[in-house]
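The next block holds one structure in the form of C-alpha coordinates; read it before the comments.
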Amino acid sequence: MNENGKGACIVRKDRTILLECGHPGFEAAGTALAGFAELVKSPPAYHTYRITHLSLWNAAAAGRTAPEILELLAMLSRWGIPAGLEEEIRLLVSRYGRLQLHAAPADGSLIILRADKPELLDELAGKASLGELGLKRASSLESRCPSENRGLLKQELTRLGFPVLDYAGYRDGQALDVTWRGEGRSGPGSSGNSFRLRDYQEEAVCRFEGIGGSGGSGVVVLPCGAGKTIVGLAVLESLQCETLILTSSATSVSQWREELLRRTGLDEQSVGEYSGEKREVRPITVATYQILTHRRSKGGPFIHMNLFNERKWGLIIYDEVHLLPAPVFRATADIQATRRLGLTATLVREDGREGDVFSLIGPKCYDLPWKVLEQQGWIAAVDCIEVIVPMDSEIRHKYMYAGGKEQFRVAAGNPAKAAAAARIIGAHPGAAVLVIGQYLDQLEHLAACLNAPLITGKTPQQERSGLYAAFNEGRLKLLVVSKVANFAVNLPDASVAIEVSGAYGSRQEEAQRLGRILRPKPGENKAYFYTLVSGDSREQDFALRRRLFLTEQGYDYDVCTEQQEGVIL
(Lines give C-alpha, C1' and ligand atoms only; values in the text may rest on other atoms or scores of the structure.)
Protein backbone atom coordinates (compact mmCIF):
# COMPACT_ATOMS: atom_id res chain seq x y z
CA MET A 1 0.00 0.00 0.00
CA ASN A 2 2.93 2.29 0.65
CA GLU A 3 6.12 1.99 -1.34
CA ASN A 4 8.83 4.65 -0.99
CA GLY A 5 6.51 7.34 0.35
CA LYS A 6 3.78 6.68 -2.18
CA GLY A 7 1.00 5.74 0.23
CA ALA A 8 -2.60 6.66 -0.60
CA CYS A 9 -3.15 8.61 2.65
CA ILE A 10 -1.98 11.75 4.36
CA VAL A 11 -2.33 11.24 8.12
CA ARG A 12 -2.72 14.42 10.17
CA LYS A 13 -2.12 15.17 13.83
CA ASP A 14 -5.79 16.09 14.46
CA ARG A 15 -6.78 12.45 13.77
CA THR A 16 -8.03 13.20 10.26
CA ILE A 17 -6.82 11.20 7.26
CA LEU A 18 -6.90 12.36 3.64
CA LEU A 19 -7.30 9.52 1.13
CA GLU A 20 -6.30 10.38 -2.44
CA CYS A 21 -9.09 9.28 -4.78
CA GLY A 22 -6.81 8.95 -7.81
CA HIS A 23 -4.29 6.71 -6.06
CA PRO A 24 -4.06 3.12 -7.39
CA GLY A 25 -4.48 1.84 -3.82
CA PHE A 26 -7.59 3.94 -3.19
CA GLU A 27 -10.12 1.11 -2.83
CA ALA A 28 -7.92 -1.11 -0.65
CA ALA A 29 -7.03 1.85 1.57
CA GLY A 30 -10.70 2.85 1.95
CA THR A 31 -11.63 -0.68 3.01
CA ALA A 32 -8.79 -0.73 5.54
CA LEU A 33 -9.65 2.69 7.00
CA ALA A 34 -13.31 1.72 7.49
CA GLY A 35 -12.13 -0.73 10.16
CA PHE A 36 -11.03 1.99 12.60
CA ALA A 37 -12.03 5.42 11.18
CA GLU A 38 -15.15 7.22 9.95
CA LEU A 39 -15.62 8.92 6.58
CA VAL A 40 -16.66 12.55 7.08
CA LYS A 41 -16.26 14.13 3.62
CA SER A 42 -15.98 12.71 0.10
CA PRO A 43 -15.10 15.42 -2.46
CA PRO A 44 -13.63 14.25 -5.78
CA ALA A 45 -9.91 14.66 -5.01
CA TYR A 46 -9.50 13.51 -1.40
CA HIS A 47 -11.84 11.69 0.98
CA THR A 48 -11.52 12.75 4.62
CA TYR A 49 -11.65 10.17 7.41
CA ARG A 50 -11.54 10.83 11.13
CA ILE A 51 -10.32 8.54 13.90
CA THR A 52 -12.68 8.87 16.90
CA HIS A 53 -12.97 7.34 20.37
CA LEU A 54 -15.88 5.18 19.21
CA SER A 55 -14.25 4.09 15.96
CA LEU A 56 -11.21 2.87 17.90
CA TRP A 57 -13.27 1.19 20.64
CA ASN A 58 -15.44 -0.60 18.08
CA ALA A 59 -12.22 -1.73 16.38
CA ALA A 60 -10.93 -2.97 19.75
CA ALA A 61 -14.24 -4.76 20.38
CA ALA A 62 -13.76 -6.52 17.03
CA GLY A 63 -10.34 -7.76 18.18
CA ARG A 64 -8.02 -5.16 16.63
CA THR A 65 -5.03 -4.08 18.72
CA ALA A 66 -3.26 -0.72 18.75
CA PRO A 67 -0.09 -2.18 17.14
CA GLU A 68 -2.21 -3.65 14.31
CA ILE A 69 -3.96 -0.32 13.70
CA LEU A 70 -0.70 1.60 13.77
CA GLU A 71 1.04 -0.85 11.46
CA LEU A 72 -1.81 -0.53 8.97
CA LEU A 73 -1.80 3.26 9.27
CA ALA A 74 1.97 3.36 8.67
CA MET A 75 1.53 1.26 5.52
CA LEU A 76 -1.18 3.60 4.22
CA SER A 77 0.52 6.87 5.15
CA ARG A 78 2.53 8.77 2.58
CA TRP A 79 4.64 10.62 5.12
CA GLY A 80 4.35 8.52 8.24
CA ILE A 81 2.32 9.04 11.42
CA PRO A 82 2.65 12.51 13.01
CA ALA A 83 4.35 12.85 16.37
CA GLY A 84 1.88 12.41 19.21
CA LEU A 85 -0.83 10.67 17.19
CA GLU A 86 0.66 7.21 17.68
CA GLU A 87 0.69 7.72 21.45
CA GLU A 88 -2.90 9.02 21.38
CA ILE A 89 -4.14 5.97 19.44
CA ARG A 90 -2.35 3.64 21.84
CA LEU A 91 -3.92 5.44 24.81
CA LEU A 92 -7.48 5.36 23.43
CA VAL A 93 -7.33 1.71 22.39
CA SER A 94 -5.79 0.76 25.73
CA ARG A 95 -8.76 2.21 27.57
CA TYR A 96 -10.98 -0.49 26.09
CA GLY A 97 -10.92 -3.28 28.65
CA ARG A 98 -9.27 -1.45 31.53
CA LEU A 99 -12.62 -1.29 33.33
CA GLN A 100 -14.88 -4.29 33.85
CA LEU A 101 -18.26 -4.76 35.49
CA HIS A 102 -18.91 -7.90 37.54
CA ALA A 103 -21.78 -9.12 39.68
CA ALA A 104 -21.22 -8.74 43.42
CA PRO A 105 -21.13 -12.20 45.01
CA ALA A 106 -24.12 -12.91 47.24
CA ASP A 107 -25.51 -9.40 46.78
CA GLY A 108 -27.73 -8.88 43.75
CA SER A 109 -28.29 -5.24 44.63
CA LEU A 110 -24.70 -4.27 43.79
CA ILE A 111 -22.32 -4.49 40.85
CA ILE A 112 -18.53 -4.25 41.02
CA LEU A 113 -16.46 -1.95 38.83
CA ARG A 114 -12.93 -3.35 38.55
CA ALA A 115 -9.92 -1.49 37.17
CA ASP A 116 -6.53 -2.75 36.09
CA LYS A 117 -4.75 -0.10 38.19
CA PRO A 118 -5.71 1.88 41.33
CA GLU A 119 -4.83 5.15 39.62
CA LEU A 120 -7.77 4.74 37.23
CA LEU A 121 -10.28 4.47 40.07
CA ASP A 122 -8.53 7.41 41.76
CA GLU A 123 -9.22 9.47 38.64
CA LEU A 124 -12.86 8.36 38.45
CA ALA A 125 -13.42 9.06 42.16
CA GLY A 126 -13.26 12.78 41.39
CA LYS A 127 -16.12 12.65 38.89
CA ALA A 128 -19.26 14.06 40.52
CA SER A 129 -21.55 12.46 37.92
CA LEU A 130 -20.33 8.99 38.97
CA GLY A 131 -20.83 9.79 42.64
CA GLU A 132 -24.43 10.74 41.90
CA LEU A 133 -24.95 7.22 40.52
CA GLY A 134 -23.82 5.74 43.83
CA LEU A 135 -20.33 4.61 42.75
CA LYS A 136 -18.23 4.12 45.91
CA ARG A 137 -14.68 2.87 46.35
CA ALA A 138 -14.48 -0.59 47.98
CA SER A 139 -10.78 -1.41 47.58
CA SER A 140 -7.73 -0.34 45.60
CA LEU A 141 -9.01 -2.04 42.42
CA GLU A 142 -12.78 -2.11 43.02
CA SER A 143 -15.68 0.28 43.34
CA ARG A 144 -19.31 -0.68 43.92
CA CYS A 145 -22.52 0.70 42.48
CA PRO A 146 -26.22 -0.12 42.85
CA SER A 147 -27.07 -2.68 40.16
CA GLU A 148 -30.12 -0.63 39.16
CA ASN A 149 -27.67 1.98 37.79
CA ARG A 150 -25.73 -0.51 35.64
CA GLY A 151 -26.80 1.07 32.34
CA LEU A 152 -26.43 4.67 33.49
CA LEU A 153 -22.95 3.89 34.82
CA LYS A 154 -21.85 2.41 31.49
CA GLN A 155 -23.34 5.37 29.64
CA GLU A 156 -21.53 7.91 31.82
CA LEU A 157 -18.20 6.07 31.74
CA THR A 158 -18.35 6.00 27.94
CA ARG A 159 -19.09 9.73 27.91
CA LEU A 160 -16.08 10.34 30.15
CA GLY A 161 -13.86 8.37 27.79
CA PHE A 162 -13.60 5.09 29.69
CA PRO A 163 -15.60 2.28 28.03
CA VAL A 164 -16.38 -0.63 30.31
CA LEU A 165 -16.62 -4.35 29.53
CA ASP A 166 -19.79 -5.74 31.08
CA TYR A 167 -19.30 -9.18 32.68
CA ALA A 168 -22.01 -8.71 35.31
CA GLY A 169 -24.02 -11.44 33.65
CA TYR A 170 -27.52 -11.84 32.26
CA ARG A 171 -30.67 -13.49 33.48
CA ASP A 172 -31.73 -16.50 31.45
CA GLY A 173 -35.33 -15.42 31.09
CA GLN A 174 -38.24 -17.79 30.69
CA ALA A 175 -37.21 -20.89 28.75
CA LEU A 176 -38.82 -21.45 25.36
CA ASP A 177 -38.39 -24.41 23.02
CA VAL A 178 -37.38 -22.97 19.63
CA THR A 179 -36.46 -25.32 16.78
CA TRP A 180 -35.72 -24.70 13.13
CA ARG A 181 -38.04 -25.89 10.42
CA GLY A 182 -35.85 -27.79 7.99
CA GLU A 183 -32.12 -27.85 8.50
CA GLY A 184 -31.34 -24.50 10.14
CA ARG A 185 -27.65 -24.49 11.02
CA SER A 186 -26.50 -27.59 9.22
CA GLY A 187 -28.70 -28.18 6.19
CA PRO A 188 -27.65 -28.96 2.64
CA GLY A 189 -28.74 -25.63 1.16
CA SER A 190 -31.69 -23.32 0.76
CA SER A 191 -34.90 -24.83 -0.54
CA GLY A 192 -38.41 -23.86 0.55
CA ASN A 193 -38.58 -23.92 4.34
CA SER A 194 -35.35 -25.92 4.52
CA PHE A 195 -32.39 -23.58 4.70
CA ARG A 196 -28.91 -23.21 6.06
CA LEU A 197 -27.34 -20.24 7.79
CA ARG A 198 -24.72 -18.58 5.63
CA ASP A 199 -21.16 -18.62 6.95
CA TYR A 200 -21.17 -14.92 7.84
CA GLN A 201 -24.52 -15.29 9.64
CA GLU A 202 -23.05 -18.14 11.70
CA GLU A 203 -20.04 -15.99 12.51
CA ALA A 204 -22.25 -13.04 13.53
CA VAL A 205 -24.14 -15.29 15.98
CA CYS A 206 -20.88 -16.64 17.41
CA ARG A 207 -19.48 -13.12 17.86
CA PHE A 208 -22.64 -12.05 19.70
CA GLU A 209 -22.54 -15.08 21.99
CA GLY A 210 -18.88 -14.40 22.81
CA ILE A 211 -16.17 -16.74 24.00
CA GLY A 212 -17.69 -19.49 26.10
CA GLY A 213 -21.13 -17.88 25.79
CA SER A 214 -20.03 -14.89 27.88
CA GLY A 215 -21.48 -12.42 25.37
CA GLY A 216 -25.00 -11.14 25.31
CA SER A 217 -24.94 -7.53 24.20
CA GLY A 218 -23.80 -6.06 20.91
CA VAL A 219 -24.69 -4.84 17.44
CA VAL A 220 -24.53 -6.80 14.18
CA VAL A 221 -24.04 -4.54 11.15
CA LEU A 222 -25.06 -6.03 7.79
CA PRO A 223 -26.55 -4.43 4.67
CA CYS A 224 -30.23 -4.73 3.79
CA GLY A 225 -30.87 -8.02 2.05
CA ALA A 226 -28.03 -9.84 3.86
CA GLY A 227 -30.37 -11.61 6.29
CA LYS A 228 -30.18 -9.67 9.56
CA THR A 229 -33.57 -11.13 10.54
CA ILE A 230 -32.15 -14.64 10.16
CA VAL A 231 -29.26 -13.66 12.46
CA GLY A 232 -31.83 -12.54 15.04
CA LEU A 233 -33.73 -15.83 14.73
CA ALA A 234 -30.49 -17.81 15.06
CA VAL A 235 -29.59 -16.00 18.31
CA LEU A 236 -33.12 -16.68 19.58
CA GLU A 237 -32.82 -20.38 18.66
CA SER A 238 -29.44 -20.58 20.38
CA LEU A 239 -30.62 -18.98 23.63
CA GLN A 240 -33.98 -20.84 23.78
CA CYS A 241 -35.77 -18.08 25.70
CA GLU A 242 -38.76 -15.76 25.52
CA THR A 243 -37.86 -12.75 23.41
CA LEU A 244 -39.07 -9.21 22.80
CA ILE A 245 -38.39 -7.89 19.28
CA LEU A 246 -38.60 -4.13 18.67
CA THR A 247 -38.75 -2.77 15.14
CA SER A 248 -39.57 0.31 13.14
CA SER A 249 -43.03 -0.22 11.60
CA ALA A 250 -46.17 -2.34 11.49
CA THR A 251 -45.00 -3.71 8.13
CA SER A 252 -41.77 -4.89 9.76
CA VAL A 253 -43.74 -6.46 12.62
CA SER A 254 -45.65 -8.54 10.08
CA GLN A 255 -42.44 -9.57 8.31
CA TRP A 256 -40.77 -10.68 11.56
CA ARG A 257 -43.86 -12.65 12.50
CA GLU A 258 -43.98 -14.35 9.10
CA GLU A 259 -40.29 -15.30 9.31
CA LEU A 260 -40.71 -16.69 12.83
CA LEU A 261 -43.61 -18.91 11.76
CA ARG A 262 -41.94 -19.94 8.50
CA ARG A 263 -38.43 -20.62 9.79
CA THR A 264 -39.11 -22.06 13.26
CA GLY A 265 -41.45 -24.58 14.87
CA LEU A 266 -43.23 -21.86 16.86
CA ASP A 267 -47.01 -21.78 16.42
CA GLU A 268 -49.40 -18.84 16.01
CA GLN A 269 -50.16 -18.72 19.74
CA SER A 270 -46.48 -18.31 20.63
CA VAL A 271 -45.84 -15.22 18.49
CA GLY A 272 -47.64 -11.99 19.38
CA GLU A 273 -47.95 -8.59 17.72
CA TYR A 274 -47.89 -5.46 19.87
CA SER A 275 -48.54 -2.44 17.67
CA GLY A 276 -51.15 0.18 16.92
CA GLU A 277 -53.57 -2.53 15.80
CA LYS A 278 -53.01 -5.36 18.31
CA ARG A 279 -51.89 -5.79 21.95
CA GLU A 280 -50.69 -9.39 22.13
CA VAL A 281 -48.04 -10.24 24.75
CA ARG A 282 -46.79 -13.76 24.06
CA PRO A 283 -43.54 -15.75 24.49
CA ILE A 284 -42.22 -14.06 21.34
CA THR A 285 -43.61 -10.53 21.04
CA VAL A 286 -42.88 -8.18 18.14
CA ALA A 287 -43.55 -4.50 18.82
CA THR A 288 -42.91 -1.13 17.19
CA TYR A 289 -40.83 1.71 18.58
CA GLN A 290 -43.80 3.96 17.87
CA ILE A 291 -46.14 2.12 20.25
CA LEU A 292 -43.53 2.14 23.01
CA THR A 293 -43.13 5.92 22.75
CA HIS A 294 -46.86 6.63 22.51
CA ARG A 295 -48.38 8.85 25.18
CA ARG A 296 -51.77 10.49 25.54
CA SER A 297 -50.37 13.98 26.10
CA LYS A 298 -47.07 15.70 25.38
CA GLY A 299 -45.82 15.57 28.95
CA GLY A 300 -47.60 12.37 29.92
CA PRO A 301 -46.13 8.94 30.65
CA PHE A 302 -45.23 6.39 27.97
CA ILE A 303 -48.13 4.07 28.66
CA HIS A 304 -46.74 1.03 26.82
CA MET A 305 -43.16 1.16 28.12
CA ASN A 306 -44.03 -1.48 30.72
CA LEU A 307 -43.84 -4.00 27.88
CA PHE A 308 -40.17 -4.41 28.91
CA ASN A 309 -41.41 -6.00 32.15
CA GLU A 310 -44.49 -7.87 30.94
CA ARG A 311 -42.67 -11.23 30.78
CA LYS A 312 -39.32 -12.70 31.83
CA TRP A 313 -37.61 -11.84 28.57
CA GLY A 314 -34.26 -13.52 28.06
CA LEU A 315 -33.43 -11.51 24.93
CA ILE A 316 -34.43 -8.18 23.42
CA ILE A 317 -33.75 -7.64 19.72
CA TYR A 318 -33.54 -4.04 18.53
CA ASP A 319 -34.15 -4.10 14.78
CA GLU A 320 -32.99 -0.99 12.89
CA VAL A 321 -31.15 0.00 16.09
CA HIS A 322 -29.98 3.26 14.48
CA LEU A 323 -33.62 4.44 14.78
CA LEU A 324 -33.87 3.79 18.51
CA PRO A 325 -35.84 6.71 20.07
CA ALA A 326 -34.54 8.50 23.17
CA PRO A 327 -37.25 7.14 25.52
CA VAL A 328 -36.31 3.58 24.56
CA PHE A 329 -32.66 4.39 25.37
CA ARG A 330 -33.81 5.41 28.85
CA ALA A 331 -35.79 2.18 29.29
CA THR A 332 -32.85 0.14 27.96
CA ALA A 333 -30.57 1.61 30.64
CA ASP A 334 -32.81 -0.12 33.23
CA ILE A 335 -32.65 -3.61 31.67
CA GLN A 336 -28.94 -4.27 31.37
CA ALA A 337 -29.39 -7.74 32.91
CA THR A 338 -31.33 -8.78 29.79
CA ARG A 339 -29.37 -9.84 26.69
CA ARG A 340 -29.60 -7.23 23.93
CA LEU A 341 -28.98 -7.67 20.20
CA GLY A 342 -28.94 -4.67 17.87
CA LEU A 343 -29.41 -5.18 14.12
CA THR A 344 -28.72 -2.47 11.56
CA ALA A 345 -27.33 -1.69 8.13
CA THR A 346 -25.55 1.39 9.47
CA LEU A 347 -24.56 2.62 12.92
CA VAL A 348 -24.85 6.20 11.66
CA ARG A 349 -27.30 8.25 13.74
CA GLU A 350 -28.17 11.75 12.64
CA ASP A 351 -28.69 12.75 16.30
CA GLY A 352 -25.11 11.84 17.25
CA ARG A 353 -26.12 9.23 19.85
CA GLU A 354 -23.87 6.45 18.56
CA GLY A 355 -22.22 6.47 22.01
CA ASP A 356 -25.51 5.49 23.65
CA VAL A 357 -25.92 2.56 21.27
CA PHE A 358 -22.36 1.52 22.16
CA SER A 359 -22.86 1.73 25.93
CA LEU A 360 -26.49 0.57 26.31
CA ILE A 361 -27.01 -1.95 23.48
CA GLY A 362 -23.37 -2.98 23.15
CA PRO A 363 -20.33 -2.52 20.92
CA LYS A 364 -20.26 -3.51 17.29
CA CYS A 365 -19.69 -7.26 17.52
CA TYR A 366 -19.87 -8.06 13.81
CA ASP A 367 -19.56 -6.05 10.61
CA LEU A 368 -19.01 -7.22 7.05
CA PRO A 369 -18.29 -4.73 4.22
CA TRP A 370 -21.09 -4.46 1.70
CA LYS A 371 -18.74 -4.99 -1.25
CA VAL A 372 -17.51 -8.29 0.21
CA LEU A 373 -21.08 -9.58 0.28
CA GLU A 374 -21.58 -8.29 -3.26
CA GLN A 375 -18.48 -10.14 -4.48
CA GLN A 376 -19.77 -13.34 -2.87
CA GLY A 377 -23.15 -12.91 -4.58
CA TRP A 378 -25.17 -12.53 -1.39
CA ILE A 379 -26.37 -9.04 -2.36
CA ALA A 380 -26.84 -7.42 -5.76
CA ALA A 381 -24.18 -5.32 -7.47
CA VAL A 382 -25.49 -1.77 -7.76
CA ASP A 383 -24.70 1.03 -10.20
CA CYS A 384 -25.23 4.36 -8.39
CA ILE A 385 -26.01 7.34 -10.64
CA GLU A 386 -26.62 10.94 -9.61
CA VAL A 387 -28.70 12.66 -12.27
CA ILE A 388 -28.49 16.47 -12.37
CA VAL A 389 -31.91 17.83 -13.34
CA PRO A 390 -32.00 21.49 -14.49
CA MET A 391 -34.56 23.89 -13.02
CA ASP A 392 -36.64 25.86 -15.52
CA SER A 393 -36.70 29.66 -15.34
CA GLU A 394 -39.82 29.81 -13.15
CA ILE A 395 -38.48 27.37 -10.55
CA ARG A 396 -35.03 29.00 -10.71
CA HIS A 397 -36.59 32.40 -9.97
CA LYS A 398 -38.54 30.95 -7.04
CA TYR A 399 -35.36 29.29 -5.76
CA MET A 400 -33.28 32.49 -5.94
CA TYR A 401 -35.71 34.46 -3.79
CA ALA A 402 -36.38 31.75 -1.20
CA GLY A 403 -34.78 31.44 2.26
CA GLY A 404 -32.20 28.78 3.16
CA LYS A 405 -34.44 25.84 4.09
CA GLU A 406 -37.04 26.86 1.53
CA GLN A 407 -34.37 26.83 -1.19
CA PHE A 408 -33.71 23.16 -0.46
CA ARG A 409 -37.45 22.44 -0.53
CA VAL A 410 -37.87 24.19 -3.89
CA ALA A 411 -34.90 22.37 -5.43
CA ALA A 412 -35.94 18.99 -4.03
CA GLY A 413 -39.46 19.39 -5.41
CA ASN A 414 -38.34 20.43 -8.91
CA PRO A 415 -41.27 19.34 -11.17
CA ALA A 416 -38.83 18.43 -13.96
CA LYS A 417 -37.88 15.38 -11.92
CA ALA A 418 -41.12 13.68 -12.99
CA ALA A 419 -40.07 13.62 -16.64
CA ALA A 420 -36.56 12.51 -15.68
CA ALA A 421 -38.01 9.64 -13.64
CA ALA A 422 -40.24 8.61 -16.54
CA ARG A 423 -37.26 8.46 -18.91
CA ILE A 424 -35.25 6.36 -16.45
CA ILE A 425 -38.18 3.95 -16.05
CA GLY A 426 -38.39 3.70 -19.83
CA ALA A 427 -34.71 2.78 -19.96
CA HIS A 428 -35.38 -0.29 -17.76
CA PRO A 429 -38.28 -2.11 -19.44
CA GLY A 430 -39.75 -4.91 -17.36
CA ALA A 431 -37.82 -3.95 -14.21
CA ALA A 432 -39.48 -3.64 -10.79
CA VAL A 433 -39.04 0.07 -9.98
CA LEU A 434 -39.39 2.05 -6.74
CA VAL A 435 -39.70 5.84 -6.86
CA ILE A 436 -38.82 7.15 -3.38
CA GLY A 437 -39.25 10.67 -2.04
CA GLN A 438 -39.69 12.91 0.97
CA TYR A 439 -42.53 15.30 0.18
CA LEU A 440 -46.17 14.28 -0.12
CA ASP A 441 -47.20 16.85 -2.75
CA GLN A 442 -44.24 15.88 -4.94
CA LEU A 443 -45.06 12.18 -4.62
CA GLU A 444 -48.73 12.73 -5.43
CA HIS A 445 -47.67 14.63 -8.58
CA LEU A 446 -45.24 11.84 -9.54
CA ALA A 447 -47.80 9.10 -8.95
CA ALA A 448 -50.25 10.91 -11.21
CA CYS A 449 -47.65 11.54 -13.93
CA LEU A 450 -46.37 7.96 -13.83
CA ASN A 451 -49.81 6.38 -13.37
CA ALA A 452 -48.52 4.44 -10.38
CA PRO A 453 -49.95 3.66 -6.92
CA LEU A 454 -48.63 5.69 -3.98
CA ILE A 455 -47.79 4.49 -0.46
CA THR A 456 -47.37 7.09 2.31
CA GLY A 457 -47.81 7.19 6.07
CA LYS A 458 -51.52 7.78 5.50
CA THR A 459 -52.00 4.59 3.50
CA PRO A 460 -53.90 2.00 5.60
CA GLN A 461 -51.79 -0.99 6.61
CA GLN A 462 -54.01 -3.45 4.75
CA GLU A 463 -53.71 -1.45 1.52
CA ARG A 464 -49.93 -1.18 1.96
CA SER A 465 -49.61 -4.92 2.45
CA GLY A 466 -51.70 -5.55 -0.67
CA LEU A 467 -49.55 -3.25 -2.81
CA TYR A 468 -46.30 -4.72 -1.45
CA ALA A 469 -47.62 -8.23 -2.19
CA ALA A 470 -48.61 -7.27 -5.75
CA PHE A 471 -45.15 -5.78 -6.28
CA ASN A 472 -43.41 -8.87 -4.90
CA GLU A 473 -45.55 -11.18 -7.04
CA GLY A 474 -44.76 -9.23 -10.22
CA ARG A 475 -48.34 -8.06 -10.79
CA LEU A 476 -47.19 -4.49 -10.15
CA LYS A 477 -43.95 -3.17 -11.63
CA LEU A 478 -43.91 0.42 -10.35
CA LEU A 479 -44.49 1.86 -6.87
CA VAL A 480 -44.15 5.43 -5.62
CA VAL A 481 -43.29 5.41 -1.90
CA SER A 482 -42.57 7.93 0.83
CA LYS A 483 -40.07 7.48 3.67
CA VAL A 484 -42.32 4.76 5.17
CA ALA A 485 -40.52 2.38 2.79
CA ASN A 486 -37.05 3.44 3.96
CA PHE A 487 -36.85 0.77 6.62
CA ALA A 488 -37.62 -2.92 7.06
CA VAL A 489 -39.72 -3.39 3.94
CA ASN A 490 -39.07 -6.64 2.12
CA LEU A 491 -39.25 -6.02 -1.65
CA PRO A 492 -36.76 -8.58 -2.98
CA ASP A 493 -37.54 -8.12 -6.69
CA ALA A 494 -36.98 -4.34 -6.77
CA SER A 495 -34.03 -3.75 -9.10
CA VAL A 496 -34.30 -0.01 -9.80
CA ALA A 497 -34.72 2.76 -7.21
CA ILE A 498 -35.19 6.41 -8.14
CA GLU A 499 -34.71 8.83 -5.26
CA VAL A 500 -36.43 12.11 -6.09
CA SER A 501 -35.91 13.85 -2.74
CA GLY A 502 -34.37 13.11 0.66
CA ALA A 503 -34.06 14.31 4.24
CA TYR A 504 -31.36 16.95 3.75
CA GLY A 505 -28.00 15.19 4.30
CA SER A 506 -29.21 11.99 5.99
CA ARG A 507 -26.59 9.29 5.47
CA GLN A 508 -28.68 6.59 7.13
CA GLU A 509 -31.60 7.32 4.81
CA GLU A 510 -29.44 7.01 1.70
CA ALA A 511 -28.09 3.67 2.92
CA GLN A 512 -31.56 2.35 3.69
CA ARG A 513 -32.97 3.46 0.34
CA LEU A 514 -30.20 1.77 -1.58
CA GLY A 515 -30.90 -1.22 0.64
CA ARG A 516 -34.35 -1.62 -0.91
CA ILE A 517 -32.72 -3.03 -4.07
CA LEU A 518 -29.83 -5.04 -2.60
CA ARG A 519 -31.46 -8.45 -2.38
CA PRO A 520 -29.97 -10.93 -4.87
CA LYS A 521 -31.42 -10.85 -8.38
CA PRO A 522 -31.68 -13.66 -10.92
CA GLY A 523 -29.28 -13.56 -13.86
CA GLU A 524 -26.53 -10.98 -13.62
CA ASN A 525 -27.53 -9.97 -10.06
CA LYS A 526 -27.53 -6.25 -10.96
CA ALA A 527 -29.52 -3.27 -9.67
CA TYR A 528 -29.57 0.49 -10.28
CA PHE A 529 -29.89 3.37 -7.82
CA TYR A 530 -30.64 6.82 -9.26
CA THR A 531 -30.77 9.98 -7.20
CA LEU A 532 -32.27 13.04 -8.92
CA VAL A 533 -30.74 16.35 -7.83
CA SER A 534 -31.55 19.86 -9.06
CA GLY A 535 -28.55 21.49 -10.72
CA ASP A 536 -26.77 24.52 -9.23
CA SER A 537 -28.64 24.24 -5.96
CA ARG A 538 -28.12 23.50 -2.26
CA GLU A 539 -29.59 20.08 -2.90
CA GLN A 540 -26.29 19.03 -4.49
CA ASP A 541 -24.40 19.80 -1.26
CA PHE A 542 -26.81 17.72 0.80
CA ALA A 543 -26.71 14.90 -1.76
CA LEU A 544 -22.93 14.78 -1.39
CA ARG A 545 -23.29 14.35 2.37
CA ARG A 546 -26.04 11.71 1.99
CA ARG A 547 -23.63 9.59 -0.04
CA LEU A 548 -20.94 9.48 2.68
CA PHE A 549 -21.80 6.14 4.25
CA LEU A 550 -22.23 4.39 0.92
CA THR A 551 -18.97 5.88 -0.35
CA GLU A 552 -17.31 4.40 2.74
CA GLN A 553 -18.79 1.03 1.75
CA GLY A 554 -17.11 1.31 -1.66
CA TYR A 555 -19.95 2.60 -3.84
CA ASP A 556 -19.03 5.13 -6.53
CA TYR A 557 -21.61 7.52 -7.95
CA ASP A 558 -21.51 8.40 -11.63
CA VAL A 559 -22.75 11.95 -12.12
CA CYS A 560 -24.62 12.77 -15.32
CA THR A 561 -26.94 15.45 -16.66
CA GLU A 562 -30.62 15.06 -17.56
CA GLN A 563 -31.49 16.83 -20.80
CA GLN A 564 -34.49 16.96 -23.08
CA GLU A 565 -33.44 13.89 -25.02
CA GLY A 566 -33.00 11.86 -21.84
CA VAL A 567 -30.34 10.83 -19.41
CA ILE A 568 -26.73 11.07 -20.53
CA LEU A 569 -24.73 8.27 -18.88
Aromatic ring proximity, centroids under 6.0 angstrom, His445 and Tyr439: no
Exercise: do Gln442 and Ser501 side chains pair donor with acceptor under 3.5 Å: yes
Thr346 and His322: side chain donor to acceptor below 3.5 Å: no
Check against side-chain hydrogen bond (donor to acceptor under 3.5 Å, both in side chains), Thr52 and Ser55: CA-CA 5 Å; Thr52 69; Ser55 69; 3.2 Å; yes
Residues forming a side chain to side chain donor-acceptor pair (under 3.5 Å) with Glu123, sequence neighbours excluded: none
Glu156 versus Ser129, side-chain donor and acceptor atoms under 3.5 Å: yes
Within 45° cone of Tyr366 ring axis and under 6.0 Å: Arg207 NZ or CZ: no
Proximity of Phe408 and Phe542 rings by center, below 6.0 Å: yes
Arg12-Thr16 side chain donor-acceptor pair, cut-off 3.5 Å: yes
Within 45° cone and under 6.0 Å: Arg198 NZ/CZ vs Tyr200 ring: no
Which residues share a ring-ring contact (aromatic ring centres under 6.0 Å, His included) with Trp57, sequence neighbours left out: His53
Backbone of Trp370 reached by a side-chain donor or acceptor of Gln553 within 3.5 Å: yes
Non-neighbouring partners of Ala422 that pass side chain to side chain contact (heavy atoms under 4.5 Å, CB included), sequence neighbours left out: Leu450
Heavy-atom neighbours of Asp441 CG exceed 12 at 6.0 Å: yes
Salt bridge (charged side-chain N to carboxylate O under 4.0 Å, His left out) pairs, two or more places apart, involving residues 55-75: none
Donor on one side chain, acceptor on other, Tyr530 and His428, under 3.5 Å: yes
No-hydrogen, no-angle side-chain donor-acceptor test under 3.5 Å, Thr247 and Ser252: yes
Those residues that, when tested against Glu374, pass side chain to side chain contact (heavy atoms under 4.5 Å, CB included) (two or more places apart): Lys371, Ile379, Ala381, Tyr555
Check: Pro390 main-chain N/O paired with Asn414 side-chain donor or acceptor under 3.5 Å: yes
Close side-chain approach of Arg513 to Phe529, heavy-atom, < 4.5 Å: yes
Residues that His397 engages under ring-ring contact (aromatic ring centres under 6.0 Å, His included), provided they are two or more places apart: Tyr401
Arg349, CZ: over 12 other non-hydrogen atoms inside 6.0 angstrom: yes
Lys13 atom NZ, over 12 foreign heavy atoms within 6.0 Å: no
